[in-house]
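Order of appearance sets the numbers: ligands from 1, and atoms from 1 within every ligand. For reference, positions follow the sequence shown, starting with 1.
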Amino acid sequence: MSTIAFIGLGIMGGPMAVHLVNAGHTVTGYNRTPEKAKPLAAAGGRVAESIAGAVPGAEVVALMVPDSSDVQDVLTGDDGVFAHAAPGTLIIDFSSIRPDVTRELAAEASRRGLRYLDAPVSGGEAGARNAALSIMVGGDGDAFEAARPIFDAVGKTVVHVGPSGSGQTVKAANQLIVAANIEALAEAVVFLRAYGVDLEAALDVLGGGLAGSAVLAQKRANMLTHSFEPGFRVELHHKDMGIVTSAAREAGVVLPLGALVAQLVASANATGDGGLDHSALLRGVERLSGTA
Ligand code: NAP
């Protein structure tokens with residue numbers, strides 16, 4: 001069992017930190033807005049008022065914050081993780097950020113005698129609540145083995161995909177696939193509604209065939225009831241589509257569908273849907289079809 005500092009107790013980090021406590025680890029959480037640390041405290045975790053209050057003495061520092069700049073702030077800030085972590089500490093970044101930024105941070109961690117894994121996750125809020133996340137891990141193989149008990153406490157499918165940054169690259173591909181899936185499902189829903197088809201029956205039968213998907217299973221209720229409380233916010237998916245399209249450009253590969261879906265996610269964000277669940281791409285299709 002490990003002593004863990006967990007930074008970022010939002011939609012994903014909150015339930016993940018609770019699972020770590022329930023698995024027997026000693027967890028000290030820190031969240032910028034203290035209110036969100038309540039579930040961790042109720043589960044028996046300790047709550048710190050700053051990074052400096054959480055990190056000293058931790059064998060593992062886990063992060064779950066939104067974007068590349070947030071991870072940079074948390075790690076490299078004057079009073080950040082790098083300033084307080086003892087040599088040998090293992091940093092696990094569960095956030096979804098740019099692979100190139102990850103590689104830079106991992107190199108800086110190594111210069112400071114720290115170990116670093118990128119471990120972005122997939123499975124949504126439900127995956128975090130049910131400890132059923134898919135975790136794609138980049139970094140050193142020994143560090144991966146050391147972190148296994150932590151991954152097993154929050155995830156179901158845990159795979160070491162390669163050296164530092166690889167987890168983030170796989171996550172970028174994940175987000176391309178998920179956005180394209182949601183957009184296709186949203187377009188199918190608008191199409192079916194236009195023909196007055198029984199939507200529940202249609203989604204039942206589609207879900208049993210080749211059109212079935214985790215996206216259909218997890219997002220059908222949002223689309224049927226037109227309720228888009230996050231979940232995974234459109235603004236975060238907009239960030240991720242920026243990551244995948246710019247990484248593809250750097251690699252010299254072409255993602256025509258990804259580019260189009262990135263624009264549709266950007267439109268959802270620009271038209272005020274950034275705070276909604278990404279299943280709200282349905283609203284964009286409805287706007288385009290004049291059925292909003
Ligand atoms: P969230 O609910 O917004 O939580 C993010 C947490 O990070 C918040 O508690 C926030 O604190 C904290 N934070 C933000 N910026 C910070 C900073 N600069 N310094 C310190 N703390 C900061 O987001 P989330 O949905 O959990 O997503 C977190 C990461 O997981 C993202 O990279 C996202 O892409 C990824 N992800 C999300 C899902 C999902 O379904 N939600 C699924 C897979 C992966 P405050 O409370 O003060 O705002």
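Of the candidates Lys239, Glu35, Met16, the one placing a heavy atom closest to atom 33 (C) of ligand 1 is Lys239. In this structure, of Phe94, Phe232, Tyr30, the residue bringing a heavy atom nearest to atom 39 (C) of ligand 1 is Phe232. Closest heavy-atom approach to atom 12 (C) of ligand 1 within the set Asp93, Asp73, Val65: this belongs to Val65. Among Ile51, Asn174, Leu236, Val74, the residue whose heavy atom lies closest to atom 20 (C) of ligand 1 is Val74.
The distance from ligand 1 to the heavy atoms of Met12 drops below 4.0 Å at these ligand atoms: 24 (P), 25 (O), 26 (O), 37 (C), 38 (C), 39 (C), 40 (O), 41 (N), 42 (C), 43 (C). Within ligand 1, counting atoms from 1 as listed, the ones closer than 4.0 Å to a heavy atom of Leu9 are 9 (O). The Glu125 neighbourhood of ligand 1 comprises atoms 40 (O), with distances under 4.0 Å to a heavy atom of that residue. Heavy-atom contacts of Lys171 reach the following atoms of ligand 1: 43 (C), 44 (C) (cutoff under 4.0 Å).
For ligand 1, none of its N or O atoms has an N or O atom of Gly13 under 3.5 Å away. At under 3.5 Å, not a single nitrogen or oxygen of Val121, backbone or side chain, sits near a nitrogen or oxygen of ligand 1. Ligand 1 has an N or O atom lying under 3.5 Å from an N or O atom of Arg233, backbone or side chain. When only interatomic distances are considered, the shortest N/O to N/O separation between Ser96 and ligand 1 falls below 3.5 Å. Geometrically, ligand 1 and Asp67 share no nitrogen or oxygen pair separated by less than 3.5 Å. Between Gly124 and ligand 1, no N or O atom pair is found at a separation short of 3.5 Å. The shortest N or O to N or O distance between Gly231 and ligand 1 is below 3.5 Å. Taking distance alone, with nitrogen or oxygen atoms compared against 3.5 Å, Ser95 stays at or beyond that limit from ligand 1. Here's the thing with Ile11: one of its N/O atoms is less than 3.5 angstrom from an N/O atom of ligand 1.
A donor atom on one side chain and an acceptor atom on the other are not found under 3.5 Å apart for Thr102 and Asp118. Side-chain atoms of Asp93 and Ser95 form a donor-acceptor pair, as typed in the model, at a separation below 3.5 Å.
Of the possible polar contacts, none joining the Asn31 side chain to the Ala37 backbone as a donor-acceptor pair under 3.5 Å is found. Between the side chain of Glu59 and the main chain of Thr3, a donor-acceptor pair closer than 3.5 Å is present.
Between Phe94 and Phe151, the two ring planes are perpendicular [angle over 60°; tilted spans 30° to 60°].
The hydrophobic cluster containing Val21 also contains Met16, counting ILVMFWY residues as joined when their side-chain heavy atoms lie under 4.5 angstrom apart, directly or transitively.
His237 does not count as a contact of ligand 1, since none of its heavy atoms falls under 4.0 Å from the ligand.
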| said: Evaluate Asp277 against Ser279 for side-chain hydrogen bond (donor to acceptor under 3.5 Å, both in side chains), listing each step before the verdict. | reply: CA-CA 5 Å; Asp277 187 74; Ser279 50; 2.6 Å; yes
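Around CD of Glu145, the count of heavy atoms belonging to other residues, nucleotides or ligands within 6.0 Å exceeds 12. Residue-environment remark: CZ (Arg287) exceeds the threshold of 12 foreign heavy atoms within 6.0 Å.
At a threshold of 4.5 Å between non-hydrogen side-chain atoms, the residues Val154 and Pro15 do not count as touching.
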